[in-house]
Amino acid sequence: MKNSSKPINFIENKIKSDLENGVVERVITRFPPEPNGFLHIGHAKSICLNFGLADKYGGDCNLRFDDTNPEAEDQRFVDAIIKDVEWLGFKQNIRPKYASDYFDQLYEWAIFLISEGKAYVCELNAEQIREYRGTLKLPGRNSPYRERLVEENLSLFEKMKNGEIPEGAMTLRAKIDMTSGNINLRDPVMYRIKKSSHQRTGDKWCIYPSYDYAHGQEDAIEKITHSICTLEFASNRPLYDWFISNLPVHAEPKQYEFGRLNLNYTITSKRKLKQLVDENYVHGWDDPRMPTISGMRRRGISPAAIRNFCNSLAVAKTDGIVDMAQFEYFVRDDLNNNSPRAMCVFDPLRLTVVNYDDAKLDQIKIQNHPNRPDLGSRETRFGKTLFIEKSDFSDDETLSRKKFKRLVINDYVRLRGSFILKAEKIIKDEQGSITEVLVRIIPNTIGADAPEGIRPRGVIHWVDQDSSVDCSVNLYDRLFNVPSPDSDQDNFLQHFNTESLIFITGCKAEGLLQKAAPGEVFQFERQGYFTRDLAESDSLTFNRSISLRDSWESKL
RNA sequence: UGGGGCGUCGCCAAGUGGUUAAGGCAACGGGUUUUGAUCCCGUCAUUCGGAGGUUCGACUCCUCCCGCCCCAGCCA
């Protein structure tokens, strides 16, 4: 959104009115990931929303790990998430909070609920609980253990905590309403027995609180004022409220739901992303093809581009699918403005300058950016032997100027930042393929208009042979071949784009690219934006962040 | 069909009884250009899921209908 101010969404409106009406004096939000995977672009939207709102209204936003299920979680994910949030630019040296810090308090509150006769230890197994729960149209039935005496519940719950009960044998359930139309209210499980050690609390606990029991109370403890989550939690809200109003908590957080981000041609389901990783479709969570924050980082996409994109998104209750093109727009916008230009030839064709002596120079000064003089210029060698893209040359003189704005035999073209030249002679090998082209430069055409009577067809990129450096490039493309791989439930893997990564070797890059720092992004003129991979490596490899917008192929 | 939520241009989305129905992306024209990039200009919903109704007046209120999403984990 350039010149228009963005409309204020319903959550921000609520915050504004709560502030104005004194409902809250300071807004406190939170971003509560479970450390069971890496953060993706959908999380980025939530991060921008939560931290953004807190910033805008002078409040605060907590990064809090919802680590209530040790079986799925790992310290490695905690570390990755912290790194990603900081990288996105919201907090320096962030000090995260953890649900596990509140396990003692949560346990005490559970005892409180039992004492109030509002929770009970149930001995139904998982399958029986499901049967008793009823279905979407049929009400549930009360558990036979529902009316247990408080004292018995207390002692049983203690036994659960002490590890005296096997996994799966008992649960602590809230006593609410087995006939509720909202299935979440049919005596939800508050605690289950899991005898696995937790990445932070070790073996202290063998019972762990469920999301529904834990989340609202975590919010209350942290005095969260606006607990923002995605739409699928809407039917959990009455339960969220039930715990808050039945427990002696010292705050009354409120939950608000917005539509999560979906992008076409990719997926934003942690479970499915994990599957891509586990089954080696990609090379890890930070594979540049992944819509993860870390993947995008390796792809050379800046935090600002991601933030700009997220801020362009609507916060509403509709669940739509945003065009990947919208994301790409913000990526290109940022990269175009900030990336110095350089040249790299992927599929080299040798050019020999027959009148090299007429050049009368061997170094050329080239601007690093057409619209930003502050990015300076560089010296590039201009030698007798050059490389251009094979696809930038044609021996077909009948090609129209409009259709082929490149080099054609017996015609002129401009080398970017350099001379205008003419292709004079084609050299072929025994098989008849073109191996070299002899060209003649037009003297004094650097930085000057074409002389009378000479009309170069266009401008092409090039590289000097002697000063060039060999490199490889990774060309990334969309992860899936169909717009909505997610909608096909189980078979999203069938739509995996096997050409989402194309590796090209034997490329010739300008010498200065040898010194490119990992993560540094360049625009390879006429090719796209490329960044040197973050991974330590002796070889010179560039990852394509994104191609240049191309309105030409589509018109042919 | 128990409960909850949503349907405005190809995509996202403003709009809360009186506006010519914002804006962004995409697309399509045209201009500038030593990147077929960027940039600039222009075009792009007589219509708001459908049908009725209330009203001088409805995308906005009412009724009915249609469609889509979420909930039946001891996941979050």
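So that the names make sense, note that chain A is the first sequence line, chain B the second, and so on, each numbered from 1.
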Asks: Say we look at B:G15 and B:C59: how far apart would their C1' atoms be, to the nearest angstrom?
Replies: 8 Å
Asks: For A:Arg440, what residues pass the side-chain contact (heavy atoms from CB on, under 4.5 Å) criterion, not counting sequence neighbours?
Replies: A:Val354, A:Asn355, A:Glu424
Asks: Expected output is a numbered-order residue list: members of residues 335-342 of chain A with a heavy atom under 4.0 Å from any atom of RNA chain B. What is it?
Replies: A:Asn336, A:Arg341
Asks: Could you list the residues that satisfy salt bridge (charged side-chain N to carboxylate O under 4.0 Å, His left out) with A:Glu71, not counting sequence neighbours?
Replies: A:Lys194
Asks: Given B:A72, B:C25, B:A37, which nucleotide is nearest the side-chain atoms of A:Arg549?
Replies: B:A37
Asks: How would you list all residue pairs meeting ring pair (Phe, Tyr, Trp, His ring centres under 6.0 Å) that involve residues 443-462 of chain A, not counting sequence neighbours?
Replies: A:Phe382-A:Trp462
Asks: By salt bridge (charged side-chain N to carboxylate O under 4.0 Å, His left out), which residues pair with A:Asp177, not counting sequence neighbours?
Replies: none
Asks: Can you tell me how far P in B:U35 sits from the matching atom in B:U47, rounded to whole Å?
Replies: 44 Å
Asks: Taking only residues two or more places apart in sequence, or in another chain, which ones meet A:Arg478 in a salt bridge (charged side-chain N to carboxylate O under 4.0 Å, His left out)?
Replies: none
Asks: Can A:Ser210 and A:Arg192 be said to form a side-chain hydrogen bond (donor to acceptor under 3.5 Å, both in side chains), step by step?
Replies: CA-CA 7 Å; A:Ser210 65; A:Arg192 67 287 212 208; 5.6 Å; no
Asks: Given B:C75, is OP1 or OP2 found less than 4.0 Å from the side-chain N or O atoms of A:Arg192?
Replies: yes
Asks: Do any N or O atoms of the protein come closer than 3.5 Å to N or O atoms of nucleotides 2-6 of chain B, and which pairs are they?
Replies:
unit_1, atom_1, unit_2, atom_2, d
B:G2, N9, A:Leu136, O, 2.9
B:G2, N2, A:Gly181, O, 2.9
B:G2, N3, A:Leu136, O, 3.3
B:G2, N3, A:Gly181, O, 3.2
B:G3, O4', A:Gly181, O, 3.4

Asks: With a centroid cutoff of 5.5 Å and a plane-angle limit of 30°, would you call A:Trp552 stacked on B:G36?
Replies: yes
Asks: According to the side chain to side chain donor-acceptor pair (under 3.5 Å) rule, which pairs have a member within residues 156-172 of chain A, sequence neighbours left out?
Replies: none
Asks: Determine the interatomic distance between C1' on B:U43 and the same-named atom on B:G10; round to the nearest Å.
Replies: 16 Å
Asks: Considering residues at least two apart in sequence or located in another chain, which fulfil the salt bridge (charged side-chain N to carboxylate O under 4.0 Å, His left out) criterion with A:Glu232?
Replies: A:Arg260
Asks: Can you check the A:His369 NE2 to B:C39 P distance for me, whole Å?
Replies: 10 Å
